[in-house]
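Okay, structure first, notes after.
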Amino acid sequence: MPSPGPHHRHDGDGWVACSFGDAEHRHWGLYGAAGLLLARRSPGGVVSDVVLQHRALWSHHGGTWGIPGGALAAGEDAVTGALRESAEEAGIAAGLVRVVGRHVLDHGVWRYTTVVAEVRDGVDLQPAVTDLESLDVRWVSVRKTDRLPLLPAFATALPGLLALLEAPSRPGA
Ligand SMILES: [Zn+2]
């Protein structure tokens, strides 16, 4: 199986087998995994772009686009892990973002948490490739995400994740 590059290895690195439904799955992350869906808004307050990562060819589903993320370390909560991974892989400083929600994909012995966040007001955040896990990391227009070959599980989850970003901006929500 592919393995991560030489950088940023930790005790959560490894594969987990689950038997969700009738299928046999293998998942990365002995303690589960987490990723960061980071959004920014247009001046009018509409969610306009999200940070996507073009995954290195050697990685699981290599060549597809997804979000920065990876295996959690022992005892690490999902928000901490997602922010750590996005700092390592995409140069996203945790202090520049505001977490607005999370979504958990629960496969029993293994879970993937997508932490949904947006850039803090007034911050011009530019993500960048900062380790070997990415071919590219950049802002992608929400309207154009369907033009990229997305990681299948991420493509399935994306509409629900974007809905989490809309909720806080509704009056009275
Ligand atoms: Zn599974």
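Numbering of ligands and ligand atoms starts at 1, following listing order. The basis for the numbers below is simple: all heavy atoms, side chains too, and nothing from hydrogens, waters or symmetry mates.
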Glu118/Arg41 ion pair, N-O < 4.0 Å: yes
One checks the Zn ion (ligand 1) and counts protein N, O or S atoms under 2.8 Å, reaching 4
If the plane angle is over 60° it's perpendicular, under 30° parallel, otherwise tilted; pick one for His27 and His107. perpendicular
Side chain proximity check, Val137 to Leu52, heavy atoms < 4.5 angstrom: no
Does the side chain of Trp139 come within less than 4.5 Å of Val119's, by heavy atoms? yes
Students often mix this up, so state it plainly: with edges at 30° and 60°, are the rings of Trp28 and Trp15 parallel, tilted or perpendicular? perpendicular
Does the side chain of Glu89 come within less than 4.5 Å of Arg55's, by heavy atoms? no
